[in-house]
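Notes follow the structure.
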Amino acid sequence: MRIRELGIDGAFLVEPKVFPDSRGQFLEVFKQPAFTEAVGHPLTVAQVNCSVSVLGTIRGLHAIHLPGQARYVSCPSGAIRDIVVDIRQGSPTYGRHVVAELSEDNRHVLYLAEGLAHGFAALTEQATVFYLCSSTWSPETSFEVNPLDPDLDLPWPRDREPVLSDKDRAAPSLKEAERLGILPSYADCLARYAELATPDGAPR
């Protein structure tokens, strides 16, 4: 298993080793020791989500207020383009994005730390996505940034009209979210990451 950072602090691509044979294939999707060595702390799983999306669907950009929710995202069926956006004010990569294509062919996994936002587009007729989440979701702690924000100019597929939820389509741009005061600070996120690296990793 290879785990490498993607150019934004807290965003990692996991490339499992796949063992094919006449029966099919086997791989380790998650391995705590390898994850802890690469990221600096273990991943605590509090919730596992599954979504199924039709071709052209864009889900996101979604984020959780601190202490936040880290996500470990895989696509066991179909293919998606996942985009992570740094929305942490004060970060050296604030407003930038990284892209990972996850599919049943490459078996790659994306990890994004607390404080980052992400969304994905389905690239196949149907795409199934699993998310291991470090905390449970609640409507009071979640917020959105518009995935079609022209200032972000994210590389979504351009070959068809995107399918979005009403909530995602009405979400504020990054600049509007900044004015609303809903974005996390990079300093607070760094403090959270340091907290997770302590033996108990519990919020204080």
Side-chain angles (χ1 to χ4, degrees), residues 4-13 49 51-66 68-75 78-103 106 108-129 131 133 137 139-190 192:
R4 58 185 175 90
E5 202 159 28
L6 287 176
I8 288 178
D9 178 27
F12 292 81
L13 186 69
N49 299 331
S51 69
V52 179
S53 302
V54 300
L55 180 64
T57 295
I58 294 176
R59 295 181 184 263
L61 301 166
H62 298 157
I64 303 290
H65 293 292
L66 290 179
Q69 183 187 79
R71 278 151 284 180
Y72 192 86
V73 184
S74 64
C75 181
I80 63 169
R81 179 174 301 161
D82 202 310
I83 302 178
V84 180
V85 179
D86 191 347
I87 60 168
R88 303 166 299 188
Q89 290 187 268
S91 167
T93 53
Y94 177 72
R96 298 185 198 170
H97 66 270
V98 291
V99 180
E101 298 214 355
L102 314 179
S103 72
N106 65 30
H108 290 173
V109 182
L110 177 70
Y111 171 74
L112 60 147
E114 293 85 347
L116 296 172
H118 90 120
F120 66 82
L123 303 178
T124 48
E125 290 298 326
Q126 185 169 286
T128 299
V129 176
Y131 325 61
C133 304
W137 180 88
E140 293 79 20
T141 59
S142 67
F143 66 97
E144 299 80 32
V145 174
N146 198 304
L148 305 181
D149 178 353
D151 289 335
L152 292 176
D153 191 26
L154 301 178
W156 301 116
R158 310 290 187 186
D159 58 343
R160 64 186 63 235
E161 184 67 23
V163 180
L164 279 77
S165 69
D166 292 341
K167 191 173 185 180
D168 288 346
R169 194 176 292 276
S173 67
L174 185 63
K175 286 181 180 176
E176 290 168 340
E178 188 176 328
R179 286 195 294 269
L180 291 169
I182 62 174
L183 301 178
S185 76
Y186 187 52
D188 288 345
C189 289
L190 290 180
R192 176 58 180 155

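All residue numbers in this chain count up from 1 along the given sequence. Predicted model, so just to flag it, every value in this text is computed and none were measured.
Checked by atom type and distance alone, the side chain of Arg88 never pairs as donor or acceptor with a backbone atom of Leu190 at under 3.5 Å. Judged purely by atom type and a 3.5 angstrom limit, Gln126 has no side-chain atom pairing as donor or acceptor with the backbone of Ser53. Put simply, the side chain of Asn146 gets close to the backbone of Ala171: a donor and an acceptor are under 3.5 Å apart. Here the side chain of Trp156 pairs no donor or acceptor atom with the backbone of Pro162 at under 3.5 angstrom. At least one donor-acceptor pair under 3.5 Å links the side chain of Asn106 to the backbone N or O of Glu101. Checked by atom type and distance alone, the side chain of Thr124 pairs as donor or acceptor with a backbone atom of Ala79 at under 3.5 Å.
At a threshold of 4.5 Å between non-hydrogen side-chain atoms, the residues Asp86 and Leu116 count as touching. In this structure the side chain of Pro157 reaches within 4.5 angstrom of the side chain of Arg81, judged on heavy atoms. Between Gln69 and Tyr131 there is no side-chain heavy-atom pair separated by less than 4.5 Å. Contact annotation: the side chain of Leu102 approaches that of Leu13 to within less than 4.5 Å [non-hydrogen atoms, C-beta and beyond]. Contact of the Ser173 side chain with the Asp151 side chain is not registered, since no non-hydrogen atoms from C-beta on lie closer than 4.5 Å. With a 4.5 Å cut-off on side-chain heavy atoms, Glu178 and Tyr94 count as touching. Between His97 and Leu152, the closest side-chain pair of non-hydrogen atoms is not below 4.5 Å. Contact annotation: the side chain of Leu183 approaches that of Leu174 to within less than 4.5 Å [non-hydrogen atoms, C-beta and beyond].
With values rounded to the nearest 0.5 angstrom, His118 atom NE2 is found 11.0 Å from Ile83 atom CD1. Atom CG of residue Asp149 and atom CD of residue Glu176 lie 7.5 Å apart, to the nearest 0.5 angstrom. In this structure, CD1 on Ile87 lies 11.5 Å from OG on Ser185, to the nearest 0.5 angstrom. In this structure, Arg71 CZ and Asp82 CG are separated by 9.5 Å, a value rounded to the nearest 0.5 Å.
Contact detail for Tyr111 and Ala70: the closest heavy-atom pair is OH-CB, 3.4 Å. The two atoms that bring Ala122 and Ile80 nearest to each other are CA-CG2, 4.2 Å, heavy atoms only. Heavy-atom minimum distance, Pro155 versus Arg158: CA-NH2, 4.2 Å. Across Gly115 and Leu66, no two heavy atoms sit closer than the pair N-CD2, 4.4 Å. The nearest pair of heavy atoms linking Glu140 to His65 is O-CD2, 4.2 Å. The two residues Cys189 and Pro184 come nearest to each other via the heavy atoms SG-CB, 3.9 Å.
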List the steps, then state whether salt bridge (charged side-chain N to carboxylate O under 4.0 Å, His left out) holds for Asp9 with Arg96.
-> CA-CA 11 Å; Asp9 178 27; Arg96 298 185 198 170; over 6 Å; no

Criterion side-chain contact (heavy atoms from CB on, under 4.5 Å) on Leu112 and Ile8, from CA distance to verdict | CA-CA 9 Å; Leu112 60 147; Ile8 288 178; over 6 Å; no

Please step through side-chain contact (heavy atoms from CB on, under 4.5 Å) for the pair Leu164 and Leu148, ending with a clear verdict.
-> CA-CA 10 Å; Leu164 279 77; Leu148 305 181; 4.3 Å; yes

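The neighbour count for Asp166 CG, taken as heavy atoms of other residues, nucleotides or ligands under 6.0 Å away, does not exceed 12.
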